[in-house]
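The structure appears below as structure tokens.
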Amino acid sequence: MMSRAERTPLTDWWWTVDRGLLAALVALMVAGLVFLMGGGPPVAERIGLPTFYFLNRQAMYLAPTVLIICAVSFLSLRGIRRLALFTWISGVVLCLLATKFGPEIKGAHRWIQFGAFGLQPSEFVKPAFVVVAAWAFSEGAQRRDMPGGILGLAILPVTIVPLLLQPDFGQTMLITMTWSALLFVAGLHLIWVGALGVFGLAGVFAAYTFFHHVRERFNKFLDRGDDGAGGGFQEFWSRESFRSGSWFGTGPGEGVAKRHLPDAHTDFLFSVIGEEFGVIVCLCLVALFAYIVLRGLKLARRTDDTFSRLAITGLTTLFGLQACINMAVNTQLMPAKGMTLPFVSFGGSSMFSLALGTGFLVALTRKRPRTVLLSQKPPGTAPSAVAGVMQ
């Protein structure tokens, strides 16, 4: 047991970190391994891989994932901003390179290959974007000589244009929604909130008009017939999995839908959970995600630092929205988006980017003396209301 009297970096970290948040994240990772034992084997066997290939790879990814979370959580506020800025710039550049040189997978160029290793740069852009945008808005609120509000507005198109070129409408929508939440927390007037809503609807309509794969997914989602049984192949088996699983599930390994779902180990793992473990376990998983989100928002409300408040809110919103979108797709409330369930679905890039984002979150929610917060602000800053960002 670590004593408060010991003054080492490790003990300082332990007594300042939010252990409830850490415990919930660890619980998600462990749950992901358990659930992947059901969803992974059928997909692996179907494509000629060893039965527990995806489970073993996910277990292998966990070590660097935990290492990234712990390493990033030791960073100071200044270190968080620098790492986020470097990651955001690098990620945007790699997204642009992926559109030209990346392999085409399911009609999109979202990956960069480094030999046998593949990387999806848009995954790393998301948490870095949130921190950089929060930095810009907070600087605009605290320094009159800093055009932080303008930079915070300009960062959105710079980020989403490379994603639209890939194309990756799902990640674009997620980033835009998170950015809108940041603007709202930063004190954006309700008139502008309404204008953003209209702009978002216009963007969805434009995507439906100009992107064939978006139009196809929407049409499949809307074409359900009179009995609601239409839609695509994945949608049918996703819906069927919850019907057969009912409240208590068919039992671990006894599911049928996973043998038909092509992405049962990633995008549609929640459907496999619903069939084999039942709706009650799904609700427990939802409650775990809700705890992380509510805990993050509660910690954001407690902090006096403008940057920390905005960044914590943005990272928590990003995490919660990604989970909500994945579960909404699995329960047929949204068209398919190709988005993983955080720390539960299989995926190296997804796991490492989530580790980066939650590492930022753990670092920002650590208890810091007010003198430390003030010492890490640029010269000439002064306390100011967040509402001043858009003035």
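Computed over heavy atoms, backbone and side chain alike; hydrogens, waters and symmetry mates excluded.
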Rounded to the nearest 0.5 Å, what separation is found between the [atom1] atom of [X] and the [atom2] atom of [Y]?
X: L269; Y: L261; atom1: CG; atom2: CG; result: 10.0 Å
X: F124; Y: S349; atom1: CZ; atom2: OG; result: 5.0 Å
X: Q166; Y: T172; atom1: CD; atom2: OG1; result: 8.0 Å
X: T358; Y: L22; atom1: OG1; atom2: CG; result: 9.0 Å
X: T99; Y: I112; atom1: OG1; atom2: CD1; result: 8.5 Å
X: F289; Y: Q322; atom1: CZ; atom2: CD; result: 9.0 Å

Please check if the side chain of [X] supplies one atom and the backbone of [Y] the other of a donor-acceptor pair under 3.5 Å.
X: N330; Y: D267; result: yes
X: W15; Y: K367; result: no
X: R110; Y: S122; result: no

Exercise: identify the closest heavy-atom pair between [X] and [Y]:
X: A24; Y: L288; value: CB-CD1, 4.0 Å
X: L315; Y: P127; value: CD2-O, 3.9 Å
X: E123; Y: S353; value: O-CB, 3.2 Å
X: A128; Y: A84; value: CB-O, 3.3 Å
X: V92; Y: P162; value: CG1-CG, 4.0 Å
X: T340; Y: S345; value: CB-CB, 3.7 Å

Considering only heavy atoms from C-beta outward, does the side chain of [X] approach that of [Y] to under 4.5 Å?
X: L283; Y: I280; answer: no
X: W135; Y: S138; answer: yes
X: I292; Y: L28; answer: yes
X: Q171; Y: V125; answer: no
X: F360; Y: L356; answer: yes
X: V161; Y: L96; answer: no
X: L21; Y: T365; answer: yes
X: M339; Y: V329; answer: no

Chi angles and distances behind the side-chain contact (heavy atoms from CB on, under 4.5 Å) call for V272, S241 = CA-CA 7 Å; V272 177; S241 65; over 6 Å; no
For L361 and F319, run side-chain contact (heavy atoms from CB on, under 4.5 Å): C-alpha distance rounded to whole Å, both residues' side-chain angles, the deciding distance at 0.1 Å, then the answer.
-> CA-CA 10 Å; L361 182 61; F319 185 86; over 6 Å; no
Are [X] and [Y] connected, step by step, through hydrophobic side chains (Ile, Leu, Val, Met, Phe, Trp, Tyr) whose heavy atoms are closer than 4.5 Å?
X: V293; Y: L333; answer: no
X: W179; Y: L85; answer: yes
X: F270; Y: L33; answer: yes
X: V286; Y: L25; answer: yes
X: V26; Y: M37; answer: no

Could you walk me through whether T87 and V131 pass side-chain contact (heavy atoms from CB on, under 4.5 Å), step by step?
-> CA-CA 10 Å; T87 304; V131 175; over 6 Å; no
Any pair counted as ring-ring contact (aromatic ring centres under 6.0 Å, His included), so long as it reaches residues 22-58, sequence neighbours left out | F35-F277, F54-H265, F54-F346
Should we say atom CZ of R46 is surrounded by more than 12 heavy atoms from elsewhere, each under 6.0 Å from it?
-> yes
If only side-chain N and O atoms count, and only distance matters, is there a donor-acceptor pair under 3.5 Å linking [Y] with [X]?
X: T250; Y: E275; value: no
X: E240; Y: S271; value: no
X: W88; Y: T159; value: yes

Check against side-chain contact (heavy atoms from CB on, under 4.5 Å), L62 and M351 = CA-CA 8 Å; L62 276 183; M351 286 285 285; 3.4 Å; yes
Identify which one of T306, L299, D305 satisfies the side chain to side chain contact (heavy atoms under 4.5 Å, CB included) criterion when paired with T303.
-> D305
Residues at least two apart in sequence or cross-chain that pass ring pair (Phe, Tyr, Trp, His ring centres under 6.0 Å) with F268, listed by chain then number, are none
